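Some notes on the structure that comes next.
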Amino acid sequence: MSAPTILVTDDDEAIREVVQMTLEIIAGWSVLTAASGAEAVEVARAHQPDAVLMDMMMPGMNGLEATAALAADETTRHIPVVLLTAKAQVDDAPGVRGVIAKPFAARELPAQVAELLGWPAP
């Protein structure tokens, strides 16, 4: 089986880079990135990742709006979303499998994502 592909969405370039390197090096996953909610929806439609790791607080289309757009689109509604957020409380949203709080421990991130998605531990 090939490595899963995960779409990392965050408006902070440094966070995108840390998460991408961590998921590629520790977990061996393929990583796509997006800098905004709208870009995440476009990338998800075009590339059909196995999951999306979505920041909540982004300008323009925020993470919950992007998650709702993915859930409303029949071509992307099957893609599970894990929210990555500094926000303490997140209401239930369609397609959301779980929440990882910021700040996060980079070394633990792949195992946290895998557990929330029901994937084998990296």
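Predicted model, so just to flag it, every value in this text is computed and none were measured.
Atom OG of Ser36 sits about 7.5 Å away from atom CD of Glu42, to the nearest 0.5 Å. Rounded to the nearest 0.5 angstrom, Asp11 CG and Met57 CE are separated by 9.5 Å. With rounding to the nearest 0.5 Å, the separation of CZ in Arg16 from CG in Leu84 is 12.5 Å. Expressed to the nearest 0.5 Å, how far CG of Leu53 lies from CG of Leu32 amounts to 12.5 Å. Annotation: the span from Glu13 atom CD to Gln20 atom CD amounts to 10.5 Å, rounded to 0.5 Å. A distance of 9.5 Å separates CZ in Arg97 from CG in Leu116, rounded to the nearest 0.5 Å.
Among all heavy-atom pairs drawn from Leu117 and Ala51, the shortest one is CD1-CB, 3.5 Å. Nearest heavy atom pair, residue Ala27 against residue Pro110, reads CB-CB, 3.9 Å. Here the closest heavy-atom approach between residue Thr9 and residue Gly37 is recorded as CG2-N, 4.4 Å. Taking all atoms of both residues into account, the shortest heavy-atom contact from Ala114 to Pro122 is CB-CD, 3.9 Å.
Every pair passing salt bridge (charged side-chain N to carboxylate O under 4.0 Å, His left out) that includes a residue from residues 102-118 is listed here, sequence neighbours excluded: Asp10-Lys102, Asp55-Lys102.
The closest side-chain heavy-atom distance from Ile79 to Pro49 is below 4.5 Å. Looking only at side-chain heavy atoms (C-beta outward), Asp73 and Arg45 come within less than 4.5 Å of each other. Inter-residue side-chain proximity for Trp29 and Val113 is flagged as met; some heavy-atom pair is nearer than 4.5 Å. Side-chain contact between Val41 and Met61 is present, with at least one heavy-atom pair separated by less than 4.5 Å.
Ile6 is connected to Val19 through a chain of hydrophobic side-chain contacts under 4.5 Å among Ile, Leu, Val, Met, Phe, Trp and Tyr, so both are in one cluster. Clustering ILVMFWY residues whenever any of their side-chain heavy atoms sit less than 4.5 angstrom apart, transitively, puts Leu7 in a cluster other than the one holding Phe104. Hydrophobic clustering keeps Met58 apart from Ile15 (ILVMFWY residues linked when any side-chain heavy atoms are closer than 4.5 Å, directly or through intermediates).
Applying the side chain to side chain contact (heavy atoms under 4.5 Å, CB included) test between Met54 and each of Leu70, Val8, Asn62, Leu64 identifies Leu70 as the sole match. Of the candidates Leu83, Leu109, Thr85, Leu109 is the only one forming a side chain to side chain contact (heavy atoms under 4.5 Å, CB included) with Ile100.
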- [ ] Before giving the answer on side chain to side chain contact (heavy atoms under 4.5 Å, CB included), spell out for Val82 and Val99 the whole-Å C-alpha distance, their side-chain angles and the decisive distance to 0.1 Å.
- [x] CA-CA 6 Å; Val82 173; Val99 177; over 6 Å; no

- [ ] Decide yes or no on side chain to side chain contact (heavy atoms under 4.5 Å, CB included) for Val43 and Glu39, but give the supporting numbers first.
- [x] CA-CA 6 Å; Val43 171; Glu39 184 182 359; 4.1 Å; yes

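Taking His78 as the reference, Gln48 meet the side-chain hydrogen bond (donor to acceptor under 3.5 Å, both in side chains) condition, with sequence neighbours excluded.
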